Amino acid sequence: MSAVARPVDGEVGFPLKIYDFPRGPYPTRVRIALAEKNLQSRVEFVMVDLRKGAHKDPRFISDKNYSGTVPVLELADGTCIAECTAITEYLDALVGGAVLTGSTAFERGMIHMMSKRAELELLDAISVYFHHGTPGLGPLVEQYQNREWGLRQRDKALRGMHYFDDVLRKRAYVAGDAFSMADITVIAGLVFADIVDLAVPAECTALLAWYERMKMRPSVNSQPAFARR
Ligand SMILES: N[C@@H](CCC(=O)N[C@@H](CS(=O)(=O)O)C(=O)NCC(=O)O)C(=O)O
């Protein structure tokens, strides 16, 4: 029986609510973090249907997230924290157990850098390709598309896959010798790559082997993004 997660003193604490799109790559980042922290059962998930543009509803934008994206973490006092990195940092500091964002200055610096690099060079690049180089969420949501920009970002993501393959030839995890938020961000990138049918190049054997190892983790393979369609 795992110890009940309790917020540290002074925190707003529970209940936590997550505005979510269950199979989405970015929501999957927070879902994996919640599972690693043993918090999944302490959170209420509220589905936001991106295909219907619910995340662009003026009330969602005014009340939950100005940027009009998910996930959003809502605290017991109504405070909303958006942005996967910020949500993960909050959860990591909220309760003990697995450490996802680092314990030492060195670890925290390395993990933040590599997670941000995974966003810039892989996950966000694939997201732009999805929204601009494919039909994306459909004409209701995709008000402006630039196919050339989308295709350029797809090529950037392929270069990013080669970069992370090089990184993972030298170390077991994305930011060092332990699983962290940086691994979660690369996992989300490969989840999005699968959604847009962007195959990891066969020569990226270290990245592919790492991904198979990541998918052995219950916090990863238990997510809706990995359920058979
Ligand atoms: N920088 C944000 C990006 C969040 C994001 O793009 N979320 C996607 C969800 S999903 O595509 O991963 O399911 C979204 O809301 N997309 C909707 C849109 O961009 O219109 C974060 O880190 O949280």
Side-chain angles (χ1 to χ4, degrees), residues 16-36 43 45-75 79-92 100-101 111-147 149-150 153-154 156-157 160 174 180-198 220 223-227 229:
L16 298 175
K17 192 181 287 186
I18 298 259
Y19 294 93
D20 177 59
F21 188 65
R23 300 176 76 97
Y26 291 90
T28 296
R29 289 174 64 183
V30 167
R31 282 172 163 270
I32 292 171
L34 285 165
E36 288 285 336
V43 169
F45 290 100
V46 178
M47 163 77 157
V48 177
D49 195 337
L50 305 184
R51 294 157 304 195
K52 293 182 179 159
H55 57 304
K56 300 304 182 188
D57 181 291
R59 281 164 303 169
F60 183 84
I61 287 176
S62 64
D63 299 349
K64 308 303 178 189
N65 182 9
Y66 174 78
S67 299
T69 62
V70 293
V72 179
L73 172 67
E74 184 173 289
L75 309 184
T79 302
C80 286
I81 300 176
E83 297 300 320
C84 290
T85 298
I87 296 169
T88 303
E89 287 173 345
Y90 176 86
L91 298 173
D92 206 26
L100 300 176
T101 58
I111 291 167
H112 193 120
M113 173 184 71
M114 293 308 285
S115 184
K116 184 62 181 177
R117 188 165 291 169
E119 287 179 338
L120 294 170
E121 305 302 333
L122 183 62
L123 176 56
D124 292 356
I126 295 175
S127 179
V128 171
Y129 169 56
F130 170 73
H131 290 291
H132 288 271
T134 81
L137 290 167
L140 178 70
V141 179
E142 312 297 358
Q143 302 285 323
Y144 164 74
Q145 290 191 297
N146 180 324
R147 182 162 171 77
W149 175 236
Q153 291 298 300
R154 178 200 61 191
K156 177 177 181 180
V174 170
S180 77
M181 175 174 68
D183 295 281
I184 297 173
T185 309
V186 176
I187 289 168
L190 298 188
V191 165
F192 220 153
D194 185 53
I195 290 169
V196 300
D197 292 324
L198 184 62
V220 176
Q223 300 309 330
F226 291 91
R229 287 183 183 283

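One-based numbering, in listed order, for ligands and for the atoms of each. This structure is a prediction, so every number in the text was calculated from the model and none was measured.
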Asker: Are I18 and V72 side-chain neighbours, meaning at least one heavy-atom pair lies under 4.5 Å?
Answerer: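 I18 vs V72: side chains apart.
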Asker: Which atoms from ligand 1 have a heavy atom of K56 less than 4.0 Å away?
Answerer: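 Atoms satisfying the 4.0 Å criterion: 20 (O).
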Asker: Which protein heavy atom lies closest to atom 13 (O) of ligand 1, and at what distance to 0.1 Å?
Answerer: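 Minimum-distance protein heavy atom for atom 13 (O) of ligand 1 reads G24 CA, 3.1 Å.
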Asker: Using a 4.0 Å heavy-atom cut-off, which part of R23 comes near ligand 1: side chain, backbone, both, or neither?
Answerer: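 For R23, there is no contact with ligand 1 at all, from either part.
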Asker: Under 3.5 Å, side chain of D183 to main-chain N/O of V174, donor-acceptor pair present?
Answerer: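 Yes.
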Asker: Report, in ascending order of atom number, the atoms of ligand 1 lying under 4.0 Å from any heavy atom of H131.
Answerer: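 Those atoms are 18 (C), 19 (O), 20 (O).
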Asker: When rounded to the nearest 0.5 angstrom, what is the spacing between NZ in K17 and CG in L75?
Answerer: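 It comes to 11.5 Å.
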Asker: If you measure every N or O of V141 against every N or O of ligand 1, does any of those distances drop under 3.5 Å?
Answerer: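 No: no nitrogen or oxygen of V141 is under 3.5 Å from one in ligand 1.
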Asker: Identify the closest protein heavy atom to atom 8 (C) of ligand 1: which residue and atom is it, and at what distance?
Answerer: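 Ranked first by proximity to atom 8 (C) of ligand 1 is V70 O, 3.6 Å.
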Asker: Cut-off 3.5 Å, side chains only: do N65 and T69 have a donor facing an acceptor?
Answerer: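 Distance-only check passes for N65 and T69.
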Asker: For atom 23 (O) of ligand 1, grab the closest protein heavy atom and report residue, atom and distance to one decimal in Å.
Answerer: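 I find the closest protein heavy atom is C84 N, 3.1 Å.
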Asker: Is it the case that the side chain of R29 and the backbone of T185 share a donor-acceptor pair, with hydrogens and angles ignored and the cut-off at 3.5 Å?
Answerer: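 Here the side-chain-to-backbone pair does not exist.
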Asker: Among protein heavy atoms, which sits nearest to atom 20 (O) of ligand 1, and what does the distance come to when rounded to 0.1 Å?
Answerer: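 Heavy-atom neighbour on the protein nearest atom 20 (O) of ligand 1: H55 NE2, 2.9 Å.
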Asker: Look at the side chain of E74 and the backbone N and O of C80, then say whether any donor-acceptor pair between them is shorter than 3.5 Å.
Answerer: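 Such a contact is absent between E74 side chain and C80 backbone.
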Asker: Is the contact between F21 and ligand 1 made by the side chain, the backbone, both, or neither, using heavy atoms and a 4.0 Å cut-off?
Answerer: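 Looking at F21 and ligand 1, just side chain atoms fall under 4.0 Å.
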Asker: List the closest protein heavy-atom neighbour of atom 16 (N) of ligand 1: residue, atom name, distance to the nearest 0.1 Å.
Answerer: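 The closest heavy atom on the protein side is L50 CD1, 4.1 Å.
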Asker: Can you tell me if S127 uses its side chain to pair, donor with acceptor, with the backbone of L123 under 3.5 Å?
Answerer: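 Absent.
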Asker: Short list, please: which atoms of ligand 1 are under 4.0 Å from a heavy atom of P27?
Answerer: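 Counting atoms of ligand 1 from 1, those under 4.0 Å from P27 are 9 (C), 10 (S), 12 (O), 13 (O).
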Asker: Taking D92 for its side chain and T101 for its backbone only, find out whether a donor-acceptor pair lies under 3.5 Å.
Answerer: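 Judged by distance alone, yes, a pair lies under 3.5 Å.
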Asker: Heavy-atom pairs closer than 4.0 Å: do any link ligand 1 to the side chain of L137, the backbone, both, or neither?
Answerer: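 Answer for L137: side chain.
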Asker: What residue and heavy atom of the protein are closest to atom 2 (C) of ligand 1, and at what distance?
Answerer: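 Answer, as residue, atom name and distance: E83 OE1, 3.3 Å.
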Asker: Could you identify the single nearest non-hydrogen protein atom to atom 5 (C) of ligand 1 and state the distance to 0.1 Å?
Answerer: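 I find the closest protein heavy atom is Y26 CD1, 3.5 Å.
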Asker: S62 side chain to R59 main-chain N or O, any donor-acceptor pair under 3.5 Å?
Answerer: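 Such a contact is found between S62 side chain and R59 backbone.
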Asker: Just to check, does P25 reach to within less than 4.0 Å of ligand 1 when the distance is taken from its heavy atoms?
Answerer: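 Yes; P25 lies near enough to ligand 1 that a heavy-atom distance drops under 4.0 Å.
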Asker: May I ask whether E142 has any heavy atom positioned less than 4.0 angstrom from an atom of ligand 1?
Answerer: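 Contact check E142 vs ligand 1: negative.
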Asker: Would the distance check show the side chain of R31 and the main-chain N or O of D20 forming a donor-acceptor pair, the cut-off being under 3.5 Å?
Answerer: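 No; judged by distance alone, with no hydrogens or angles, the pair does not exist.
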